[in-house]
Engineer: 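Dropping the structure in here first, questions after.
Not measured: the values here are computed from a predicted model. For the numbers below, each heavy atom of this structure counts, side chains included, while hydrogens, waters and symmetry mates do not. Below, read A as the first sequence line, B as the second, and so on, with proteins coming before strands; counting in each chain starts at 1.
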There are 2 protein chains.
Amino acid sequence: MSIKLAVLSILGRKPSSGYDIKKTMQRSPYMPWSGNNNQIYKALVELSDDGLVSGETLHREGSPSKKVYTLTAEGRNELNDLASRPPEPPEFKKPFLLQLASADALSDGELLALVDAYENEVRLQLAYHEGLMRRMESRGDEHEGEEEEAEEETPGDRRALLLKLVYENLVSSIESELEWTERLRSALKKPERREHE
Amino acid sequence: MSIKLAVLSILGRKPSSGYDIKKTMQRSPYMPWSGNNNQIYKALVELSDDGLVSGETLHREGSPSKKVYTLTAEGRNELNDLASRPPEPPEFKKPFLLQLASADALSDGELLALVDAYENEVRLQLAYHEGLMRRMESRGDEHEGEEEEAEEETPGDRRALLLKLVYENLVSSIESELEWTERLRSALKKPERREHE
DNA sequence: CGACTCATGTAATATGTTACATGATTAA
DNA sequence: TTAATCATGTAACATATTACATGAGTCG
């Protein structure tokens, strides 16, 4: 799964400039890219070379020009392929686990402090994602464009349901992490009592 | 958190060659690196230049020579620093979520098939991690070395407890993902009944 | 005037993967 | 003898991050 597919997916929603795409990526936590210029503008050039998107420069008065990219028919096909491609498994990247596994030289107090610090980080993440989710549920998310084209094939409700489930996934992953920190803490508090359970 | 810290952490356990480190990384899913040569041998050279490790070539008869690296005192300090460094939040990289979010053009049947395929992938992951965990609990994990040096500072039980908790984390993350697929499936099966709950 | 957002791009660097090259030993 | 494992390394490429460069418009 490369960043090009993420770009196609965004353009499948509505035609956008590089800058728009960057913004969308940055507030879509289910896209595992940071949304930096270098990749996006490069991806757009390549997609354009491959004939999957076409860009048109909009000269506007009173604000800077933008290059708006649209999916071509080919690009639309590619996007439909994407949807039915065999799914990749999730990846959990948790440097904290390495830290924990290397922490046997720490005192109990230091260890518990470390766990507290981690839990704080995770709580911050949770608050952030819950915020995004609420914002998406109240406003229509990714709907803020001015060009209100009539939606063609999809009921729209389906789309909203799927998006909601995506955010639920992220939130529940984070909650599961918090539950684990609880278990971790209690395992550390009653030390060495496991042998006859 | 760079790969160098992972290398330090492994060498903190016991002196190892590049090849040993590679193997250890590959079977330690809490280390978010694939364990490829290029990075490891490069990291070892750099750590050596920085004076954190020192390598000694062992010429053995009947098997290829190996370069065994050991932590220096400086390296040991660096490793202790690592343990008390402010923890980074977890990152969840789930390309499937992007796929889902772009899948509103699919029929219900296709969508459910996609979910099934994803669930299969996740189950495979679960089985793999549970296998690792069982293997670690029966044998002592990372204990298979021939050189049985008396452990110096740590009780060892602490270490085993921490490792067990680390594996529990991974397993419960995957289980949480499976629970979500269940919710996903049932949300897709009773479509559009959410409005008055 | 200064900071911020909009907007497009490039340069330098860091990180990661796959494949290649070499050579010894072990097990089928 | 052929494949697998042990063992060290390099080359080419793919991906990602940070910072830089430029310029217009908006808000305080």
Engineer: List, one per line, each side-chain donor-acceptor pair under 3.5 Å for residues 42-54 of chain B, sequence neighbours excluded.
Structural biologist:
| from | atom 1 | to | atom 2 | distance (Å) |
| --- | --- | --- | --- | --- |
| B:K42 | NZ | B:E46 | OE2 | 3.2 |
| B:E46 | OE1 | B:K4 | NZ | 3.0 |

Engineer: If every non-hydrogen atom of B:L5 is compared with every non-hydrogen atom of B:R85, which pair is closest and at what distance?
Structural biologist: CD1-NH1, 3.6 Å
Engineer: May I have the distance from B:M31 (atom CE) to C:dT15 (atom P), rounded to whole angstrom?
Structural biologist: 18 Å
Engineer: Partners of A:E121 by side chain to side chain donor-acceptor pair (under 3.5 Å), sequence neighbours excluded?
Structural biologist: none
Engineer: Once you round it to whole Å, what is the distance between C1' of C:dA24 and NZ of B:K66?
Structural biologist: 14 Å
Engineer: Through what angle, rounded to 10 degrees, does the axis of the helix from C:dC1-D:dG28 to C:dA28-D:dT1 turn between its ends, using five pairs per end?
Structural biologist: 30°
Engineer: Return the orientation label for the B:Y118 and B:F96 ring planes: parallel under 30°, perpendicular over 60°, tilted otherwise.
Structural biologist: parallel
Engineer: In whole Å, what is the span from the OH atom of A:Y19 to the P atom of C:dT10?
Structural biologist: 18 Å
Engineer: Using only side-chain N and O atoms of A:S65, determine if any of them is under 4.0 Å from OP1 or OP2 of C:dA7.
Structural biologist: no
Engineer: Rounding to an integer number of Å, can you tell me how far A:D20 CG sits from C:dG9 P?
Structural biologist: 13 Å
Engineer: Does C:dT8 have OP1 or OP2 sitting under 4.0 Å from an N or O in the side chain of A:K67?
Structural biologist: no
Engineer: Is a salt bridge present between B:R158 and A:D108, judged by a nitrogen-to-oxygen distance below 4.0 Å?
Structural biologist: yes
Engineer: Counting distance only, does the side-chain N/O of A:T57 pair as donor-acceptor with the main-chain N or O of A:G55 below 3.5 Å?
Structural biologist: no
Engineer: Return the value, rounded to whole Å, for the distance between atom CZ of A:R60 and atom C1' of C:dC6.
Structural biologist: 8 Å
Engineer: Expressed in angstrom and rounded to an integer, what is the separation of B:E88 atom CD from D:dT17 atom P?
Structural biologist: 13 Å
Engineer: Compare all side-chain heavy atoms of A:P32 with those of A:E91 and state whether any distance is below 4.5 angstrom.
Structural biologist: no
Engineer: Could you tell me the separation between the CZ atom of A:R27 and the P atom of C:dT5, rounded to a whole number of Å?
Structural biologist: 14 Å
Engineer: Name the nucleic acid region contacted by B:K22, choosing base, sugar-phosphate or nothing; use a 4.0 angstrom heavy-atom cut-off, strictly under.
Structural biologist: nothing
Engineer: Give one of base, sugar-phosphate or nothing for A:K23, where a contact means two heavy atoms less than 4.0 Å apart.
Structural biologist: sugar-phosphate
Engineer: Quick one: what's the B/S/- string for nucleotides 23-28 of chain D, heavy-atom cutoff under 4.0 Å, read 5' to 3'?
Structural biologist: B-S---
Engineer: Can you tell me how far the CG atom of B:L8 sits from the CD1 atom of B:I3, to the nearest 0.5 Å?
Structural biologist: 11.0 Å
Engineer: Ignoring hydrogens and geometry, is there a side-chain-to-backbone donor-acceptor pair from B:R183 to B:L178 under 3.5 Å?
Structural biologist: no
Engineer: Is any side-chain heavy atom of A:L162 closer than 4.5 Å to a side-chain heavy atom of A:V166?
Structural biologist: no
Engineer: Taking OP1 and OP2 of D:dC6, is either one under 4.0 Å from a side-chain nitrogen or oxygen of B:S17?
Structural biologist: no
Engineer: Of the residues in residues 32-46 of chain B, which ones touch DNA chain C at a heavy-atom distance under 4.0 Å?
Structural biologist: B:W33, B:S34, B:N36, B:N38, B:Q39
Engineer: Please report the distance, rounded to the nearest Å, between NE2 in B:H59 and C1' in C:dG23.
Structural biologist: 15 Å
Engineer: What distance do B:Y69 atom OH and B:I40 atom CD1 have between them, rounded to the nearest 0.5 Å?
Structural biologist: 11.5 Å
Engineer: B:K66: what forms a salt bridge (Lys or Arg N to Asp or Glu O under 4.0 Å) with it, not counting sequence neighbours?
Structural biologist: B:D20
